[in-house]
Amino acid sequence: MKKIIVTILFLGMVLGGNAQNSSSPYQAVVAQDGSGDYTSVQDAVNAAPENRREPWLIFVKNGSYREQVVVPPTKTYIHLIGQDKNKTIIHHNLNVGGKPEEGIEPSKAAFWKHSVHNPASEVHKFEGSVVYVKGNHFYTENISYINDWGVDNQNGPQALAMSSQADCASFNNCILRSFQDTWMTSRNDSHRLYVKDCWIEGAVDYFYGSGDALLENCTLYNVRSGSVIVAPSHKNVKFGYVFRNCTVDGNAQAADGKQKLGRPWHNSPRAIYIHTTMRIPLAPEGWTNMGAIPALFAEYDSRDAEGNVLDLSQRKTEYDGRGQNNPPKGSCRATITKEEADGYVYERIIPGDDGWNPRTMMEKLPAPRKLKKQGLKVSWKNVSAAAGYVIFDDDKVIGFAKEPAFNLASDVKGTLKICAVNRYGSLGIESTL
């Protein structure tokens with residue numbers, strides 16, 4: 001008997017501290033209302049096994065999770081899946097000066113007093129981001145990542161919503177909001193980042209760092225006059241920051257024709273915008289100085305909100321450097337050819353030598369068919385490749401299933417909905433009854 005008990009306890013530890021619900025496709029469920037395995041996202045991450053080589057699926061129910069989340073280097077293959085990007089919100093009120101201090105007024109806390117011109121060392125020292133990802137192969141979808149300091153104050157200093165310091169990180173259908181330095185990408189030039197269908201909001205260098213990053217079908221939303229989108233610091237990358245089929249938009253303050261696509265932070269940065277729709281006007285020069293000379297700051301086929309091709313003849317090509325390691329003057333092209341643009345594609349940027357393919361994770365399974373309800377028993381036709389299913393009463397998650405059937409605890413009060421979950425945790429298309 002003792003041997004059996006010890007074995008059960010050991011299995012519980014291996015599974016991450018909580019005994020997994022055998023009917024769920026997810027290894028852990030986070031719910032603010034206590035209906036899951038954890039009420040905190042960080043607790044769910046802490047409980048995940050270390051050094052995995054397969055996805056560890058964490059489902060986060062709708063809720064406002066006011067916390068700082070750090071994914072350590074040993075927590076690999078964390079898949080953080082939100083229920084609804086507008087209703088599943090991870091946020092905190094902090095900036096670069098230090099760790100969150102609950103119950104202290106901003107004007108009285110030392111960490112709020114750092115200058116907007118201070119270096120980023122404070123960010124690195126204090127993990128100064130609402131979410132800080134260090135574990136490779138991180139994947140997330142359907143979550144808002146918000147730094148309340150930036151959004152509420154519409155001012156600096158640095159207030160990161162996301163710092164993705166990992167290789168093979170991917171984001172799908174997420175919202176990231178702050179003001180200054182919303183998202184810091186990896187400091188490692190060899191790291192890859194893939195971002196699809198996301199909303200990224202800010203005003204000052206709000207997508208910055210290094211690594212090869214491909215962003216597709218994303219909205220870059222500017223919130224003040226003279227906003228600057230990117231501030232890369234690439235040293236030795238093949239592609240740099242590549243934006244394909246993205247939209248540059250903004251509020252009324254940002255619609256005054258003073259916006260910039262980017263400025264060169266350090267080293268020899270690269271940023272390329274391909275097939276971009278500019279819903280707000282940019283400054284004619286498009287780019288501005290910072291400290292380095294870019295290796296390539298360029299566009300191809302930029303268009304206005306009506307689809308008209310923009311005149312790029314006034315785009316900036318001459319740059320002034322400053323600082324010990326930067327040349328005082330330099331230049332780069334402001335446009336690339338169609339042939340060059342055709343080379344900045346997913347198939348060349350993302351797979352690398354290991355065949356990484358995050359698009360597979362993002363594929364939505366079809367809606368379950370032939371949904372039937374007899375009394376409290378619900379059944380449907382099995383969806384090929386489904387790892388399981390989520391059952392909803394309107395927007396409330398009422399259960400999970402691995403097989404195409406579910407027994408309700410009580411009758412639904414709203415609309416019964418079912419969606420399939422793929423092996424990566426991604427939610428499929430809902431069916432309704």
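With values rounded to the nearest 0.5 angstrom, L220 atom CG is found 13.0 Å from R279 atom CZ. Expressed to the nearest 0.5 Å, how far OG1 of T247 lies from CD1 of I280 amounts to 11.0 Å. With rounding to the nearest 0.5 Å, the separation of CD1 in I78 from CD1 in I58 is 4.5 Å. Taken to the nearest 0.5 Å, the OG1 atom of T185 stands 12.0 Å off from the CE atom of M162. Atom CD of E141 is separated from atom OG1 of T88 by 10.5 Å, given to the nearest 0.5 angstrom. A distance of 10.5 Å separates CZ in R270 from CZ in F297, rounded to the nearest 0.5 Å.
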Side chain to side chain contact (heavy atoms under 4.5 Å, CB included) between M362 and Y139, intermediate numbers included: CA-CA 9 Å; M362 302 173 183; Y139 172 65; 3.5 Å; yes
Kindly indicate, with the supporting measurements, whether the criterion side chain to side chain contact (heavy atoms under 4.5 Å, CB included) is fulfilled by L261 and F243. CA-CA 11 Å; L261 293 170; F243 300 86; over 6 Å; no
Determine, stepwise, if the pair Y132 / L160 fulfils side chain to side chain contact (heavy atoms under 4.5 Å, CB included). CA-CA 9 Å; Y132 198 116; L160 281 71; over 6 Å; no
Stepwise, does the salt bridge (Lys or Arg N to Asp or Glu O under 4.0 Å) test hold for D354 with R192? CA-CA 12 Å; D354 55 8; R192 289 159 291 167; 2.9 Å; yes
Worked check of side chain to side chain contact (heavy atoms under 4.5 Å, CB included) between S64 and Q32: CA-CA 7 Å; S64 175; Q32 193 177 45; 4.1 Å; yes
Report the C-alpha distance between H275 and D301 in whole Å, list the side-chain angles of each, state the deciding distance to 0.1 Å, and finish with yes or no for side chain to side chain donor-acceptor pair (under 3.5 Å). CA-CA 5 Å; H275 305 309; D301 189 38; 2.6 Å; yes
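Y273 pairs in a ring pair (Phe, Tyr, Trp, His ring centres under 6.0 Å) with only one of the listed residues (Y344, W287, F207), which is W287. Among L176, V130, I229, N147, the one residue that satisfies the side chain to side chain contact (heavy atoms under 4.5 Å, CB included) test with T182 is L176. Among R333, R315, K316, the single residue meeting the salt bridge (Lys or Arg N to Asp or Glu O under 4.0 Å) criterion with E299 is R315.
In this structure, N251 contributes its side chain and Q253 its backbone to a donor-acceptor pair below 3.5 Å. Under the 3.5 Å distance criterion, the side-chain polar atoms of N422 are left unmatched by any main-chain donor or acceptor of A386. For N136 (side chain) and D167 (main-chain N/O), a donor-acceptor pair under 3.5 Å exists by modelled atom type. Between the side chain of D84 and the backbone N or O of N86, at least one donor-acceptor pair lies under 3.5 Å. Panel note: side chain D181, backbone Q158; no donor-acceptor pair is recorded below 3.5 Å. Although no hydrogens or angles enter the test, the distance criterion places a donor-acceptor pair under 3.5 Å between the side chain of Y389 and the main chain of V383. Not one N or O on the side chain of T219 forms a donor-acceptor pair closer than 3.5 Å with the backbone of Y221. When atom types are taken as modelled, the side chain of S186 and the backbone of H191 share no donor-acceptor pair closer than 3.5 angstrom. No donor-acceptor distance shorter than 3.5 angstrom exists from the side chain of Y319 to the backbone of M290, with no hydrogens or angles considered. Side-chain atoms of N222 come within 3.5 Å of backbone N or O of D249 as a donor-acceptor pair.
Contact of the L80 side chain with the I90 side chain is registered, since non-hydrogen atoms from C-beta on lie closer than 4.5 Å. In this structure, Q259 and V248 have side chains that are not in contact, with every pair of non-hydrogen atoms separated by 4.5 Å or more. No side-chain heavy atom of V133 sits less than 4.5 Å from a side-chain heavy atom of Q165. The shortest distance between side-chain heavy atoms of F239 and R348 falls below 4.5 Å. In this structure, the side chains of V204 and R263 come closer than 4.5 Å at one or more pairs of heavy atoms. Annotation: side chain of F400 is in contact with side chain of V29 (closest heavy-atom distance under 4.5 Å). Looking only at side-chain heavy atoms (C-beta outward), L193 and F171 come within less than 4.5 Å of each other. Between K75 and E50, the closest side-chain pair of non-hydrogen atoms falls below 4.5 Å.
Here the shortest heavy-atom pairing between P232 and P269 reads O-CB, 3.3 Å. What you find for N217 and C246 is that their closest heavy atoms are N-SG, 3.9 Å. Listed here is the closest heavy atom pair of I349 and V242: CD1-CG2, 3.9 Å. In terms of heavy atoms, W356 sits closest to Y346 at O-OH, 4.4 Å. Across all their heavy atoms, S431 and L371 have their closest contact at OG-CD2, 3.9 Å. Annotation for A254 and V223: closest pair CB-N, 4.4 Å, computed over non-hydrogen atoms.
A salt bridge links E54 and R423; the closest N-O separation between the charged side-chain nitrogens and carboxylate oxygens is under 4.0 Å. Between D197 and K85 no salt bridge is recorded (no basic side-chain N to carboxylate O distance below 4.0 Å). Of the charged side-chain nitrogens involved, at least one lies within less than 4.0 Å of a carboxylate oxygen, so that D395 and K417 count as a salt-bridged pair.
Atom CZ of R322 has 12 or fewer neighbouring heavy atoms from other residues, nucleotides or ligands inside a 6.0 Å radius. When the shell of 6.0 Å around NZ of K235 is examined, it contains 12 or fewer heavy atoms from other residues, nucleotides or ligands. A 6.0 Å sphere centred on CZ of R52 holds more than 12 heavy atoms belonging to other residues, nucleotides or ligands. Within a 6.0 Å radius of NZ in K258, no more than 12 heavy atoms belonging to other residues, nucleotides or ligands are found.
Taking the ring axis of Y194 as reference, the NZ or CZ atom of K196 does not stay both within 45° of it and closer than 6.0 Å to the ring centre.
Aromatic pair H91/Y145: centroids not less than 6.0 angstrom apart.
Counted by atom type alone, N308 and E306 present zero donor-acceptor pairs between their side chains at under 3.5 Å. Looking only at atom types and distance, the side chain of S164 has a donor-acceptor partner in the side chain of W183 under 3.5 Å away.
The aromatic rings of Y424 and H79 sit parallel to each other, their planes meeting at less than 30°, with 60° as the upper class boundary.
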